[in-house]
Every structure is written in C-alpha cells, then in structure tokens.
Amino acid sequence: MDLSIIIPVYNAAPLLDRCLDSIFNQTTQYIYEVILVDDGSTDNSIDIIKARKEKNISLYQQRNSGPSMARNKGIELAKGEFLTFLDADDYWNNGYIEQTVSFLLNHQECIAVTVGQKHIAIGKRPLYCPVLPNQKPFVINDFYSFWALHQHVGTCSTTMRKETVQKTNGQRTDLRVTEDWEFWFYLASFGKWGMIPEILYISDGGDVTRKEGWLKKMQIRWNNAPSVEEWQKRVIGKIDLNSESYKKAIGIIARNLCYCQLLSGRIQLSRNEALKYGNYFTKDAIGKLMNIAKYSSFTWYLLIKFLQYREHHRK
C-alpha cells in the first residue's frame with residue numbers, strides 16, 4: 001500500500017461526496033486506501049459513505065471526540081507507506097496523489113511534502129497560498145522561516161512518511177485551536193519538507209460552516225486556546241527556540257493564540273503574551289492594535305471589549 005488517506009467526518013453530508021469524488025477521480029499509478037473516521041455524526045454522513053461502491057474505502061465510527069482524535073485513529077489504522085489528511089468539506093485537484101507520493105519517493109531526505117492551496121471563504125476573494133509563480137517542486141531549506149513567510153501548510157495539503165508520523169504520537173488531542181499548526185511545527189523537527197507549488201488542495205467548506213454555526217464553533221476554540229508555552233512544549237529541546245526563523249514563526253502563532261485568549265476574556269494571559277511575543281506578531285490590523293494597546297491595562301481592556309463586540313456582530 002502506497003498511501004493512506006485519512007478523513008475525519010462530522011455532519012459532513014452536504015459536501016462529503018465532493019470530497020470522495022476528488023480522491024477517486026485522481027489519475028495515479030499508486031495504490032491507496034481511504035479511511036473515514038466518523039466522529040459521532042448525527043446527519044446522514046454514514047449512509048453516504050456506505051453507499052459508495054469503491055472497494056478501497058473503510059469506515060470507523062467513534063463517539064464525538066474532535067478531529068485530532070479522529071486523525072490519530074486513522075493513523076493507527078493506516079497501512080500505507082505514506083499518510084495524508086483530507087477534511088470532508090474540502091477536496092483535491094487531480095494530481096495530488098501522483099505528485100506528492102512521487103516527490104517523497106524521489107526525495108528520501110524529506111519526511112513530508114506540501115502543495116499549493118486555494119482557500120475560499122464566505123464573502124471574500126479566494127486566497128492562494130503560497131504564491132510562487134513559475135517554480136518547480138523543491139526541498140525547503142528552513143521550514144520555520146519559509147512558514148513564517150508563506151504559512152504554506154494547510155490541514156489537508158501535506159503527504160507524510162508514516163514511520164515519521166508514528167514517532168510524533170499524532171496530533172495533540174488537548175488542543176481545540178491551531179492543533180494542525182502545532183503538529184506541523186513538531187513534525188518539521190524530524191526532518192526536511194518539500195514544496196510542490198501547484199494548487200492541488202482546495203479549502204471550501206462554507207456551506208457546512210454556516211450550517212453548524214460559526215460563532216458557537218469559534219467560542220469553543222477561543223475558550224480552549226492554550227498559552228504559547230503550553231502550545232510549543234513538544235518542540236522544546238528539539239529545535240532552537242531562539243533562532244530568528246523560529247521567532248518569526250512562533251510570533252504568528254502567538255498572535256492567533258493571543259486573539260483567542262482576548263475573545264475568551266483572559267485579560268492578563270493575553271496581555272502577557274503580547275508583551276513577550278508582540279514584536280513578532282503578524283503585521284495585520286489586529287496585530288498592530290495589540291502592540292499599541294499592550295502597554296496599558298486600560299487600553300488592553302478596551303481592545304478586548306472592541307474585539308468581542310466585533311466578533312459577536314459579524315455578518
């Protein structure tokens with residue numbers, strides 16, 4: 001078996017067939033299996049899976065435990081030399097399997113390879129990541145500096161060597177926000193990554209997101225966002241946390257965690273994070289506001305109230 005494709009499923013009926021069709025319509029010489037881990041769906045997702053006629057598809061059902069637990073179960077069940085994740089509301093363009101598996105077979109020094117992505121959000125122009133015109137596939141010299149520039153790894157844009165993934169013990173199940181980024185940062189400490197700068201992964205789950213209730217979903221994530229120190233505990237001792245490339249990368253993570261802490265009302269923790277990591281925050285409007293407000297407890301409190309109002313009245 002060349003590749004195991006792991007798909008967490010939770011109430012994904014509207015887009016599940018689109019996801020599966022994008023796999024089974026791939027043109028490839030490689031042998032693959034599709035492992036669907038249903039995370040306690042209450043819609044007809046299981047019926048859709050059981051109605052599929054493909055033989056290289058399997059279903060595992062578990063109580064609702066979150067996507068990390070579902071992906072870890074898929075890793076446990078996988079038989080392939082390589083692994084990849086795909087969310088049930090996203091899909092791949094033709095060539096994903098052929099190109100990623102071929103790359104890893106031809107680059108034994110790499111433990112993972114990621115592809116170009118297109119992210120479609122409600123009411124916004126599509127975001128392409130990374131933007132690297134006229135580039136051929138290549139080996140990334142420094143994962144963290146490259147990530148700081150491009151945020152090039154999507155949840156479902158990466159194919160990995162199973163033997164390396166098994167060394168990580170999978171994704172952390174205690175994280176409810178940025179759990180995928182934590183996993184990529186940790187995985188990168190085991191070896192080099194490759195990059196295929198062609199749009200082969202499409203993130204487009206808007207219909208499911210609206211159905212599930214965006215604010216309710218995000219409030220759970222905000223409330224469970226850890227401190228930066230807790231988030232990065234698996235890479236401590238494995239990489240140089242004081243390198244400039246890592247500082248730039250962790251600054252982006254810190255800005256997102258700080259935002260979640262703000263939205264959940266954790267005033268002191270969020271301000272401490274901004275004071276420590278603010279110089280490396282993303283230079284977007286919110287990151288700039290955080291750096292202006294962080295020097296005073298009063299302005300920090302005002303920022304919290306503004307952002308809470310903004311999110312709860314988002315259209």
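Computed over heavy atoms, backbone and side chain alike; hydrogens, waters and symmetry mates excluded. We number each residue from 1, following the sequence as shown. Treat the numbers as computed from the prediction; the structure is a model and nothing was measured.
- Although no hydrogens or angles enter the test, the distance criterion places no donor-acceptor pair under 3.5 Å between the side chain of Arg234 and the main chain of Glu182.
- Separation of the Phe138 and His107 ring centroids does not fall under the 6.0 Å cut-off.
- Shown are Tyr144, Trp147, Tyr186; of these, the ring-ring contact (aromatic ring centres under 6.0 Å, His included) with Trp181 is made only by Trp147.
- Here the CD atom belonging to Gln232 is positioned 10.0 Å from the CG atom belonging to Leu257, to the nearest 0.5 angstrom.
- Checked options Val34, Thr84, Leu83, Leu104; the residue passing with Leu3 is Thr84 (criterion: side-chain contact (heavy atoms from CB on, under 4.5 Å)).
- Atom NZ of Lys50 has 12 or fewer neighbouring heavy atoms from other residues, nucleotides or ligands inside a 6.0 Å radius.
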Check: Arg221 and Leu263: side chain to side chain contact (heavy atoms under 4.5 Å, CB included), yes or no, with the steps?
Finding: CA-CA 10 Å; Arg221 294 182 176 182; Leu263 268 295; over 6 Å; no

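- Salt bridge status for Glu229 with Lys276: present, with a side-chain N to carboxylate O gap under 4.0 Å.
- Phe82 and Ile140 are assigned to two separate hydrophobic clusters, defined by single-linkage of ILVMFWY side chains at heavy-atom distances under 4.5 Å.
- For the pair Ser22 and Leu86, the tightest heavy-atom approach, listed with the atom from each and the gap, is OG-CD2, 4.2 Å.
- When atom types are taken as modelled, the side chain of Gln26 and the backbone of Ile97 share a donor-acceptor pair closer than 3.5 angstrom.
- Residue Tyr259 holds its OH atom at 13.0 Å from OG1 of Thr282, rounded to the nearest 0.5 Å.
- Of the N and O atoms on the side chains of Thr114 and Ser157, at least one donor lies less than 3.5 Å from an acceptor on the other residue.
- Atom CG of residue Leu307 and atom SG of residue Cys260 lie 11.5 Å apart, to the nearest 0.5 angstrom.
- Partners of Asn93 under the side-chain hydrogen bond (donor to acceptor under 3.5 Å, both in side chains) rule, at least two apart in sequence or in another chain, do not exist in this structure.
- Both the sub-6.0 Å distance and the 45° axial angle are not jointly satisfied by Lys167 relative to the ring of Phe190.
- With contacts defined as side-chain heavy-atom distances shorter than 4.5 Å, the pair Asn141/Phe146 does not qualify.
- No chain of hydrophobic side-chain contacts below 4.5 Å, direct or via other Ile, Leu, Val, Met, Phe, Trp or Tyr residues, connects Phe85 to Leu36.
- The side-chain heavy atoms of Phe183 and Val165, taken from C-beta on, include a pair separated by under 4.5 Å.
- Because its NZ or CZ atom is not both nearer than 6.0 Å to the ring centre of Phe185 and within 45° of the ring axis, Lys238 does not count as a cation-pi partner of that residue.
- The two atoms that bring Ser4 and Gly80 nearest to each other are OG-N, 2.8 Å, heavy atoms only.
- Annotation for Met1: hydrophobic cluster partners, listed by chain and number, are Ile31 (ILVMFWY side-chain heavy atoms under 4.5 Å, direct or chained).
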Checklist line | Criterion side chain to side chain contact (heavy atoms under 4.5 Å, CB included) on Asp89 and Tyr10, from CA distance to verdict | finding: CA-CA 10 Å; Asp89 54 355; Tyr10 179 72; over 6 Å; no

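- Salt-bridge check for Arg71 with Asp87: passed, with a basic side-chain N closer than 4.0 Å to an acidic carboxylate O.
- Under the 4.5 Å side-chain heavy-atom criterion for ILVMFWY residues, a single connected hydrophobic cluster contains both Trp193 and Met195.
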Next item on the list: I would like to know whether Ile267 and Tyr301 meet side chain to side chain contact (heavy atoms under 4.5 Å, CB included); could you show each step before the answer?
Entry: CA-CA 7 Å; Ile267 299 175; Tyr301 174 79; 4.1 Å; yes

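- When only modelled atom types and interatomic distance are considered, Asn72 and Glu76 share no side-chain donor-acceptor pair under 3.5 Å.
- Qualifying ring pair (Phe, Tyr, Trp, His ring centres under 6.0 Å) partners for Tyr96, counting only residues two or more places apart in sequence or in other chains: Trp92.
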Next item on the list: Kindly determine whether Ile7 and Cys19 satisfy side chain to side chain contact (heavy atoms under 4.5 Å, CB included), including the steps that lead there.
Entry: CA-CA 9 Å; Ile7 305 177; Cys19 169; 4.0 Å; yes

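- For the atom pair Thr42 OG1 and Asn11 CG, the distance stands at 3.5 Å (nearest 0.5 Å).
- A single hydrophobic cluster is not seen to contain both Ile48 and Ile6; linkage of ILVMFWY side chains at heavy-atom distances under 4.5 Å, directly or through other members, places them apart.
- Side-chain contact check for Tyr30 and Glu81: no donor-acceptor pair (N or O, by modelled atom type) lies under 3.5 Å.
- The minimum heavy-atom distance between Gly287 and Phe281, with the atom names listed, is O-CD2, 4.2 Å.
- With rounding to the nearest 0.5 Å, the separation of CD1 in Ile250 from OG in Ser243 is 10.5 Å.
- Side-chain N or O atoms of Arg271 include one that pairs as donor or acceptor with a backbone N or O of Lys294 at under 3.5 Å.
- The backbone N or O of Ala254 sits nowhere less than 3.5 Å from a side-chain atom of Glu273 that would complete a donor-acceptor pair.
- In the hydrophobic clustering of this structure, Tyr295 does not group with Leu289; members are Ile, Leu, Val, Met, Phe, Trp, Tyr whose side-chain heavy atoms approach within less than 4.5 Å, directly or through other members.
- Proximity of a side-chain donor or acceptor of Gln261 to a complementary backbone N or O of Pro226 within less than 3.5 Å is detected.
- Here the closest non-hydrogen pair linking Glu198 and Gln99 is OE1-NE2, 3.1 Å.
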Could you pull out all donor-acceptor pairs under 3.5 Å where a side-chain atom in residues 118-134 meets a protein atom, sequence neighbours excluded?
| unit_1 | atom_1 | unit_2 | atom_2 | d |
| --- | --- | --- | --- | --- |
| His119 | NE2 | Gln117 | OE1 | 2.8 |

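- No donor-acceptor contact under 3.5 angstrom links the side chains of Thr158 and Tyr201, judged on distance only.
- Taking Arg52 as the reference, Asp17, Leu20, Asp21, Phe24, Glu54, Ile57 meet the side-chain contact (heavy atoms from CB on, under 4.5 Å) condition, with sequence neighbours excluded.
- Annotation for Glu179 and Arg172: closest pair CB-O, 4.3 Å, computed over non-hydrogen atoms.
- Side chain of Arg266 to main chain of Ala225: a donor-acceptor pair is present (N/O by atom type, distance under 3.5 Å, no hydrogens or angles).
- Through side-chain heavy atoms spaced under 4.5 Å, either directly or across other Ile, Leu, Val, Met, Phe, Trp or Tyr residues, Tyr309 is tied to no other residue.
- Taken to the nearest 0.5 Å, the CD atom of Gln171 stands 6.5 Å off from the CH2 atom of Trp184.
- Considering all non-hydrogen atoms of both residues, Val9 and Ser41 come closest at O-OG, 3.6 Å.
- Taking a 6.0 Å sphere around NZ of Lys248, one finds it holds 12 or fewer heavy atoms contributed by other residues, nucleotides or ligands.
- For Asn291 (side chain) and Gly278 (main-chain N/O), a donor-acceptor pair under 3.5 Å exists by modelled atom type.
- Between the side chains of Asp43 and Ser45, at least one donor N or O lies within less than 3.5 Å of an accepting N or O.
- Listed for the Asp90 side chain is a donor-acceptor partner under 3.5 Å among the backbone atoms of Asp204.
- Between the side chain of Glu98 and the backbone N or O of Gln29 there is at least one donor-acceptor pair closer than 3.5 Å.
- The closest donor-acceptor contact from the side chain of Glu33 to the backbone of Lys79 lies under 3.5 Å.
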